[in-house]
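Notes for the one structure printed next.
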Amino acid sequence: MATPQIQECKLCFIGGGNMGAAIIGGLLAKGSTTKQNIIVSEPFEVTRKKVEDTLGVRTTTSNSEAAQDADVLVLAVKPQVAKGVCSDLAASWRESKQQKLPLIVSICAGIPLDALTNWFTVSEGRAPKVVRVMPNTPALLGEGASGSFAGAGVTEDEKKLVTALLEGFSKVSEWVDKEELIDVVTALSGSGPAYFFLLVEHMVSSATALGMPREQAERLAKQTCLGAGKMLVESTESPGQLRINVTSPKGTTEAALKSFQESGMDGVVSKALKAAADRGEELGKALA
């Protein structure tokens, strides 16, 4: 049976929080699907009402009702409650003897594929196919970067389906070929926005210490970060070459970069990303 296109799919979202809403909003904004093809299961009334009012899609408090006949199920719940949600859905499919199982797209941070597959198992040898996705918070502005890993049996057409799903909020969507690389994605792009926020925070504090009013320093630093990011995305040159381009010999930029190097910036960044990746692996084991 051919894999349906995204516009033909019945999409179920378990969890209507910020990231789930970002995916839905992106899909609708791009015209990738219609409101009629989407249903959201959300236990909290305030969140349900927000989803209904801002996105105009159907909502329910019943996970099994939302997942009935779904082609794709986006698992967008807190990792701590994922096991119960998955197990309950598997039980409802078992009881109803549902034949068609949806493709699972999990954006639950840290939950490994083995655990998700086990929790979703309907009967011996029968479980839905699962894709793990690690998005990041700029997705809320439609500027996300996502890394994905496909579980056993996921076809190329189904991967294309997931990519189409992510295109609503991710400007970059990369597939990794080893599940452990999802922890690297987490360290790089998942946690990455905080690294830039920290750098800008220190730039502002340093400029303030040199006598600049904080409001001015914040405006200049924020726009500098935005402009540099735009150059990185739009230029065909590597980050290293862009750095060289703005570094005049014996100039101010060179002086600052030498100071970074003397302070061991390379080691600081490497150590930070490894710490984040290691912590992601630890959390995955604990949550599983």
Side-chain angles (χ1 to χ4, degrees), residues 18-19 22 109-110 132-149 166 169-284:
N18 287 336
M19 202 59 72
R132 280 187 66 188
V133 175
M134 172 50 64
N136 63 2
T137 53
L140 303 176
L141 303 176
E143 294 288 346
S146 301
S148 304
F149 177 75
L166 301 180
F169 69 85
S170 287
K171 289 294 180 68
V172 173
S173 183
E174 298 289 340
W175 288 89
V176 296
D177 57 9
K178 298 177 183 177
E179 186 174 8
E180 54 264 36
L181 290 178
I182 285 290
D183 292 326
V184 181
V185 172
T186 301
L188 179 62
S189 55
S191 300
Y195 312 157
F196 290 95
F197 300 153
L198 178 64
L199 178 60
V200 170
E201 184 181 358
H202 284 305
M203 288 170 66
V204 170
S205 295
S206 298
T208 302
L210 291 171
M212 177 172 281
R214 178 165 292 275
E215 293 78 9
Q216 283 187 328
E218 282 194 0
R219 286 193 292 269
L220 287 169
K222 287 176 182 178
Q223 183 57 40
T224 299
C225 188
L226 176 64
K230 196 172 178 67
M231 288 182 73
L232 278 167
V233 171
E234 295 184 358
S235 175
T236 58
E237 295 181 314
S238 69
Q241 186 58 51
L242 289 172
R243 171 182 54 77
I244 291 169
N245 293 348
V246 298
T247 307
S248 301
K250 299 182 180 181
T252 58
T253 306
E254 183 181 75
L257 293 178
K258 280 186 176 179
S259 179
F260 278 133
Q261 290 170 349
E262 289 166 1
S263 298
M265 185 174 183
D266 288 354
V268 168
V269 174
S270 296
K271 187 176 178 180
L273 261 70
K274 188 172 188 311
D278 289 348
R279 183 56 178 157
E281 182 181 359
E282 290 170 6
L283 288 172

Nearest heavy-atom pair of Gly144 and Asn136: which atoms, and what distance? CA-OD1, 3.3 Å

Ser205 (side chain) donor-acceptor with Glu201 (main chain) under 3.5 angstrom: yes

Is there a donor-acceptor pair closer than 3.5 Å between any side-chain N or O of Glu254 and the backbone N or O of Lys250? yes

Determine which pairs satisfy salt bridge (charged side-chain N to carboxylate O under 4.0 Å, His left out) with at least one residue from residues 135-144, sequence neighbours left out, and list them in order. Glu143-Lys171

What one should report as the nearest heavy-atom pair of Ala139 and Ala22 is O-CB, 3.8 Å

Heavy atoms of Val200 and Ala221 approach each other most closely as CG1-CB, 3.9 Å

Quick one, Pro239 and Leu232 - any side-chain contact, counting heavy atoms below 4.5 Å? yes

Is the number of heavy atoms from other residues, nucleotides or ligands within 6.0 Å of CE (Met212) greater than 12? yes

Nearest atoms (heavy-atom pairs only) where Ile182 meets Gly147: CD1-O, 3.8 Å

Mind checking whether Val184 and Glu180 have side chains closer than 4.5 Å, heavy atoms only? no

Whether the side chain of Ser148 engages the backbone of Trp175 through a donor-acceptor N/O pair (distance < 3.5 Å, no angle test) should be reported. no

Working to the nearest 0.5 Å, report the span between CD of Glu215 and OG1 of Thr208. 8.5 Å

Which pair of non-hydrogen atoms, one from Gly190 and one from Pro193, has the smallest distance, and what is that distance? O-CD, 3.6 Å

From CE (Met134) to OG (Ser170), nearest 0.5 Å: 11.5 Å

Side chain to side chain contact (heavy atoms under 4.5 Å, CB included) evaluation trace for Glu174 with Val185: CA-CA 9 Å; Glu174 298 289 340; Val185 172; over 6 Å; no

Please examine the side chains of Leu226 and Gln223, heavy atoms only from C-beta on, and report whether any two atoms are closer than 4.5 Å. yes

Minimum-distance pair of heavy atoms, taken over all atoms of Arg243 and Leu257: CG-CD1, 3.9 Å

Decide yes or no for Tyr195 and Leu273: does some side-chain heavy atom of the first lie under 4.5 Å from some side-chain heavy atom of the second? yes

